[in-house]
Participant: 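This is the structure I have questions about; it appears just below.
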Amino acid sequence: MALMMSRALEDTICAIATPAGEGGIGIVRISGARALAIASGIVQLRSGRPLGSVVSHTLHLADVRLPSSSATPPAETSAVPPRGGSVFDEALVVFMKGPRSFTGEDTVEIQSHGGWLILSLVCRACLAAGARMAAPGEFTKRAFLNGRLDLSQAEAVLDTIRAKSAASLTVAQRQLRGELAREVDAARNALLRLLAQLEAGIDFVGEEIEILGRQELLRAIQDVATRIRRLGATAREGRWLREGARVVITGRPNVGKSSLLNRLLKEERAIVTAVPGTTRDIIEESISLDGVIIHLVDTAGIRATDDVLEREGIRRSRSAQKDADLQVIVIDGSTALSEDDRGLIEQAAAGKHVIVINKADLPMRVDPSDMKPGAMGLPLSAKTGEGVEALRAAIRSQLVGGGAETTDGIIVTNVRHQAALDQSHGSLVQAEESIRGGMANELVAVDLRAAADALGEITGAITTDEVLEQIFSTFCIGK
Ligand code: GDP
């Protein structure tokens, strides 16, 4: 495994690092031991100096040309391809000497004009000069293999790029700075220390030296288990921050669901999707409210019916409600509470929910404290906007309000990390049971080792080719 990796690392790789399409500039990235030699073959600095002589991390204007030795590029490029040796663009070029680069290797970035033909020609020129096309995520993978990033940081690169809300960006940035890794490492190191003590005890067992008392060991394991459990418990919040939660707005016909959604839409101006719907299509629009995805679900049709289409509508409504992370139940405050209203409130009670008493601008015929024992309705007017801010706050605080306080604001957003934390926690519970059951230290050590290894998978201290392949194949080429 190590051999394969090191051989792959010997190649110098290149890829277009900017998105497809036309742009003012586009960047081709070259990384590896031959980056300088390859780039020198295709760029000529206007200053006349060799690229290798410039100060690292400085920008230089250059002509870009195909290496004179290279064959004419294949005819799939629609324009007449430039001949080998001819200049086809000008660019700013930066050489970043390793290890002070993203990948840790010598890196050159060529910032040419951002046209597809130009960028593919720059790439072709690199290939002709001896580079290899980078695999998806290979730059980030190299950063990991060269010790510039741990695995959780490498994953945070992708989260940063994909962040759709300020909240998810903040979480990704904290992870990129290594905060999650530090927390995980601290727990892992605590376990490794316990293991070392335990193993020392095992070795000395003949001499009956008890290095670590069993009660002390139990307490130490419980401490770590608590830390891991707290961290794992942030995952749901993390997923909501990253992908948005499904908030379903539900209520009888004409209570003002669409009006409320439109009101939120107007303030938010961030339509995520707009699925054109018929009256029987439940999801009409989705918006992002402070990073939380909200879908409108019209539950108008929930009643007994023989109509096939209507039944399908009801089925979808029910399933949307079931899948909801939070329900906003809208009640028309200008009419008395109906059985349907009470039914909706009841079915939502088990999960997270907010009850909104709409049309508060009209004379109220509903008592906000009469929703159900212990629940209050939130008076609101979709018409005037009164109460909307309170609704946003209520949604937000229910979804992403707490949790993170116990972990210093570190939030787990990645399913892989969550699974590893769960696994680690499971092994620690097992270890606790073994101690309580009076099992031999050797057995406890096996569980502690498993718990430490599971944590090591998060940062990549322990990893396999398959795991790396799985992670980096989700990246685009050029990252
Ligand atoms: P939906 O069927 O639940 O989506 O309800 P709509 O949003 O279509 O609203 C039904 C009716 O109630 C419309 O005539 C709206 O103008 C009116 N409406 C909605 N919200 C309010 C409100 O806060 N105050 C008043 N006075 N009327 C409202």
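All ligand and atom numbering here is 1-based and tracks the order in the structure. These values consider heavy atoms only, across backbone and side chains, with no hydrogens, waters or symmetry-generated copies. Source: prediction; values computed, not measured.
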Participant: For atom 17 (C) of ligand 1, which candidate among Lys359, Glu386, Arg252 holds the nearest heavy atom?
Facilitator: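 When every heavy atom of Lys359, Glu386, Arg252 is considered, Lys359 comes closest to atom 17 (C) of ligand 1.
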Participant: Should one rank Ala382, Ser259, Gly333 by closest heavy-atom distance to atom 23 (O) of ligand 1, which comes out on top?
Facilitator: Ala382
Participant: Minimum heavy-atom separation for Phe88 and Ile118, please, with both atom names.
Facilitator: CE1-O, 3.7 Å
Participant: Would you say ligand 1 has an N or O under 3.5 Å from any N or O of Gly256?
Facilitator: yes
Participant: Using a strict threshold of under 4.0 Å (side-chain N to carboxylate O), is an ion pair present between Arg342 and Glu346?
Facilitator: no
Participant: Tell me whether the NZ or CZ atom of Arg29 lies within the 45° cone about the ring axis of Phe139 and under 6.0 Å from its centre.
Facilitator: yes
Participant: At under 4.0 Å between heavy atoms, which part of Val255 makes contact with ligand 1: side chain, backbone, both or neither?
Facilitator: both
Participant: Mark up the atoms of ligand 1 that fall under 4.0 Å of a heavy atom belonging to Lys257, in ascending order.
Facilitator: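 Going through ligand 1 atom by atom, the ones under 4.0 Å from Lys257 are 1 (P), 2 (O), 3 (O), 4 (O), 5 (O), 7 (O).
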Participant: With backbone taken as N, CA, C and O and side chain as the heavy atoms from C-beta onward, which portion of Asn254 lies under 4.0 Å from ligand 1: side chain, backbone, both, or neither?
Facilitator: both
Participant: By number and element, which atoms of ligand 1 are closer than 4.0 Å to a non-hydrogen atom of Asp361?
Facilitator: 22 (C), 23 (O), 24 (N), 25 (C), 26 (N)
Participant: Please table the atom pairs, donor to acceptor, closer than 3.5 Å between any side-chain atom in residues 410-419 and protein atoms at least two apart or in another chain.
Facilitator:
residue: Asn414; atom: OD1; partner: Arg416; partner atom: N; Å: 2.7
residue: Asn414; atom: OD1; partner: His417; partner atom: N; Å: 3.4
residue: Asn414; atom: ND2; partner: Glu155; partner atom: OE2; Å: 3.3
residue: Arg416; atom: NE; partner: Glu155; partner atom: OE2; Å: 2.8
residue: Arg416; atom: NH1; partner: Glu457; partner atom: O; Å: 2.8
residue: Arg416; atom: NH2; partner: Glu155; partner atom: OE1; Å: 2.9
residue: Arg416; atom: NH2; partner: Glu457; partner atom: O; Å: 3.3
residue: Arg416; atom: NH2; partner: Ile458; partner atom: O; Å: 3.0
residue: His417; atom: NE2; partner: Glu155; partner atom: OE1; Å: 2.5

Participant: Decide whether Asp332 and Ser334 meet the rule of one side-chain donor and one side-chain acceptor closer than 3.5 Å.
Facilitator: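 Yes.
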